[in-house]
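Since the structure comes first, as structure tokens, the remarks are kept for the end.
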Amino acid sequence: MLLLLVAAPAAAQAPDGRVLVNVNRQGVALQEYDAVAFFTNSAAVRGVPAHSARHGGATYYFATAEHRAAFLAAPDKYVPRFGGFCAYGASQNYAAPVQISTWQIINGRLILNYDAGVQRKFNQDQVTYLSQAEANWPGLVAKEGKLPSP
């Protein structure tokens, strides 16, 4: 079942082109944290606007030009699963905000949760919750997604 997470596309897209990405009012994903740093630094590192890139309806900030280049070379490797929304929330069929401190890499994908308590619950049965989230995600994108801005 965990293979579903590895094989699934980074950001589901509805047939009409809508995407669902957790962004701030400026359209920046991951609360301005560097998506690549979670993998290379094993840490949540703030990005900067000077090193930004657009992908899948969102802008991503990076701490370095090298991280930006790595992201542009393989964005699906680095974007958070479930559009950066809470993985447990997606398993329950809703898009919930996240706390960056809940980040973890599972099967090579960045996974976030609402808070530490929700993360503990999620981690008690990752296989089931990930499977449920994967099954629910396309419907959430279709229901709550938006057309990406240019």
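Bear in mind that the values here come from a model prediction, so they are computed numbers and not experimental data.
- Side-chain atoms of Phe62 and Leu72, non-hydrogen and from C-beta on, never get closer than 4.5 Å to each other.
- The closest side-chain heavy-atom distance from Trp103 to Leu112 is below 4.5 Å.
- The shortest non-hydrogen separation linking Cys86 to Val118 is SG-CG1, 4.0 Å.
- Ion pair Glu144/Arg18 not flagged as a salt bridge, since none of the NZ, NE, NH1 or NH2 atoms sits closer than 4.0 Å to an Asp/Glu carboxylate oxygen.
- Using a 4.5 Å cut-off between side-chain heavy atoms of Ile, Leu, Val, Met, Phe, Trp and Tyr, with links allowed through other members, Tyr78 and Ile105 fall into the same hydrophobic cluster.
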List the steps and the verdict of side chain to side chain contact (heavy atoms under 4.5 Å, CB included) for His55 and Asp76. CA-CA 9 Å; His55 177 75; Asp76 289 345; 3.5 Å; yes
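- Here the straight-line distance linking atom OH of Tyr61 with atom NE2 of His51 works out to 12.5 Å at 0.5 Å rounding.
- The two residues Gly57 and Val19 have their closest heavy-atom pair at CA-CG2, 4.2 Å.
- Counting heavy-atom neighbours within 6.0 Å of Tyr129 OH, excluding the residue itself, gives a total above 12.
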Anything under 3.5 Å between a donor and an acceptor, one on a side chain of residues 38-48, the other on a protein residue two or more places apart or in another chain? List them.
from: Thr40; atom 1: OG1; to: Val36; atom 2: O; distance (Å): 3.3
from: Thr40; atom 1: OG1; to: His67; atom 2: NE2; distance (Å): 3.2
from: Arg46; atom 1: NH1; to: Gln31; atom 2: O; distance (Å): 2.7

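- Between Tyr88 and Asp115, every side-chain heavy-atom pair lies at or beyond the 4.5 Å cut-off.
- Side-chain contact between Ile111 and Phe82: present, with at least one pair of heavy atoms (C-beta onward) separated by less than 4.5 Å.
- Minimum heavy-atom separation, Pro80 to Leu30: CG-CD2, 3.8 Å.
- Between Leu140 and Asn93, the shortest heavy-atom distance links the atoms CD2-O, 3.5 Å.
- Contact annotation: the side chain of Ile106 approaches that of Leu130 to within less than 4.5 Å [non-hydrogen atoms, C-beta and beyond].
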The test is side chain to side chain contact (heavy atoms under 4.5 Å, CB included); show your working for Glu134 and Arg81 and say whether it passes. CA-CA 9 Å; Glu134 290 295 340; Arg81 190 67 189 114; 2.7 Å; yes
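- By the 4.5 Å heavy-atom criterion applied to side chains, Val79 and Leu110 are not counted as neighbours.
- Residues Asn123 and Asn113 are not in side-chain contact: their nearest non-hydrogen atoms beyond the backbone lie 4.5 Å or more apart.
- The closest side-chain heavy-atom distance from Thr59 to Gln26 is not below 4.5 Å.
- Val28 and Tyr33 are assigned to two separate hydrophobic clusters, defined by single-linkage of ILVMFWY side chains at heavy-atom distances under 4.5 Å.
- Between Ser91 atom OG and Phe122 atom CZ the span is 7.5 Å, to the nearest 0.5 Å.
- The two atoms that bring Ala53 and Arg68 nearest to each other are CB-NE, 4.2 Å, heavy atoms only.
- Shown here for Ser52 and Pro49, the closest heavy-atom pair between the two residues is OG-O, 3.2 Å.
- Using cut-offs of 30° and 60° on the angle between ring planes, the pair Phe85 and Trp137 is tilted.
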